[in-house]
Amino acid sequence: MRVGNSMAWHRDVELLAVGAGPANLALAIALEELAPAEISTNSLLIEQHEKISWQPGMLMPWAQAQVSFLKDLVTLRNPRSRFSFLNYLRSVDRLNEFINLGTFTPYRTEISDYLQWSANSLSKVRVEYGRECAAIGPARGPDGKTHTGWLTRLADGSTIRSRFLAIGVGRDAYVPPVFSALPPERLIHSTEYLTRIGGVPTKPPCNVVVIGGAQSAAEMFYSVQQDLPNCRSTMVMRSIGLNNYDTSKFTNELYYPTFTDEFFDAQPGARKQMLREMHQSNYAGLNPVLLDALYRQIYQERLAGKQRMQIVTMTDVTSARLDGNEVLLELTDRKTGKVGELRCDLVLLGTGFVPRMPGLIRRLGAELGLDEITVTRNYRLVTDGPSTAACYLQGVNESTHGIADSLLSVLAIRAAEITTDILVYRAEIDSQTGQEALIGDIPNGPVAEVFRVR
Ligand SMILES: Cc1cc2nc3c(=O)[nH]c(=O)nc-3n(C[C@H](O)[C@H](O)[C@H](O)COP(=O)(O)OP(=O)(O)OC[C@H]3O[C@@H](n4cnc5c(N)ncnc54)[C@H](O)[C@@H]3O)c2cc1C
């Protein structure tokens, strides 16, 4: 239904998925494979960008994924699916070469291409690009109380009403407050690195400071040598130095989708312990190949007497401001308490993501009057009051669902869990309200025995 001008129009869908990242793409595939057509063909996936790109700011051509290709959008749930990474490789005529490469970890660029290929291969769920979700609020029924759906407003002014909503918008970039006074052109967060570094004036000498001591910071530290030739770069971190990822096969089992139940059922203290002990396996470490390459590069520079890269450890940036044409960073040595200065032209932030819910979800929580944003085991947002609608949150439930929640490892199974929950919930509600709900055949779901519910 069009209301007013061509940009401000309204439509209804059964399910709206916001953000075409891996999480919602896996859900779209699960809907196609597990849900009845009346749901999948009435589902819409919207993406703010004009195409799908996996973590575009850090899509360096040499960077590899840190997860097996078998943890793609579908294989752990349905190894025979046409949406597998192997089928993608076959369709782009690279299967032999990939096998010959002898690796489990594809280049990030090919994962990204696989995601776009998967979206292009959907035949029931629609995908629309250039659709940025600006805000989401609850839609109420005629009684003014029952929560019957979601009203999503897009940046172009149009609105979409849906009974089901899946939010998979990733997490918000973390910019430490100490950098807030710097002009935006002097600061690049890793999420924007590749999209902005090409626009930085390269007049040497260019002094760059990279903040952080984990994978993203290290990748920018490595990459900036080529991207800004002849620059001098300093990496500043709080920790004692760069470290490899913890790659124990034993603790890697905590990334299994089957571990989610155990984590979810664990006591609060145990959950915290697991996240603390797993930190080094995901957030605080580096790929050993990159770590070695960096060490060798710094060693070779020392050997040649042309030191352009340096690492400053155990140091906090305690203030940051523009001084003339330079950025002036105040550094405080954690060992001695001594305060020093570091001048540079550009700051690169490898400071990761805000651990709390993204702004879009927090604003939705406020609209719903929720004190706390929590989800059920099946990722359904917990709301107050009577409701016939449901909203699912993907990739933001690490504190309740475990370390793998924001990663690819659990996507295929989680997508099936959400799809199953939608089908069961829909059937329950429709039976209460007297409507007829058709439940499809769910091969792997716990509700396989449910087909038609009144
Ligand atoms: C550099 C980097 C490397 C990584 N490597 C790995 C790895 O090797 N293995 C692994 O398992 N995990 C890795 N991760 C973790 C990563 O979070 C997951 O792989 C995965 O991208 C999470 O998928 P997602 O769909 O939840 O979120 P995202 O991938 O962040 O996708 C969110 C999507 O939503 C869109 N969006 C955001 N806001 C809106 C809006 N308002 N309206 C419309 N669309 C919107 C975005 O444009 C994006 O397309 C990496 C993360 C980073 C930053």
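Quick note: residue numbers are just sequence positions, from 1. Atoms within each ligand, like the ligands themselves, are counted from 1 in listed order.
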Quick check, are the ring centers of Trp54 and Tyr114 under 6.0 angstrom apart? no
Less than 4.0 Å from some atom of ligand 1, heavy atoms are found in residues Val18, Gly19, Ala20, Gly21, Pro22, Ala23, Glu47, Gln48, His49, Trp54, Gln55, Met58, Ala65, Gln66, Val67, Arg108, Arg131, Glu132, Cys133, Gly168, Val169, Gly170, Phe353, Ser406, Leu407, Leu408
First locate atom CZ of Phe179, then atom NE2 of His189, and finally report the distance between them rounded to the nearest 0.5 Å. 10.5 Å
Determine, for Tyr379 and Arg414, whether the Lys NZ or Arg CZ falls below 6.0 Å from the six-membered ring centre while staying within 45 degrees of the axis. yes
Val327 and Asp345, any side-chain heavy atoms less than 4.5 Å apart: no
Is there a side-chain contact between Leu16 and Arg11 in this structure, where contact means two heavy atoms from C-beta onward sitting under 4.5 Å apart? no
With sequence neighbours excluded, tell me which residues meet side-chain contact (heavy atoms from CB on, under 4.5 Å) with Ser281. Asp246, Tyr255, Met278
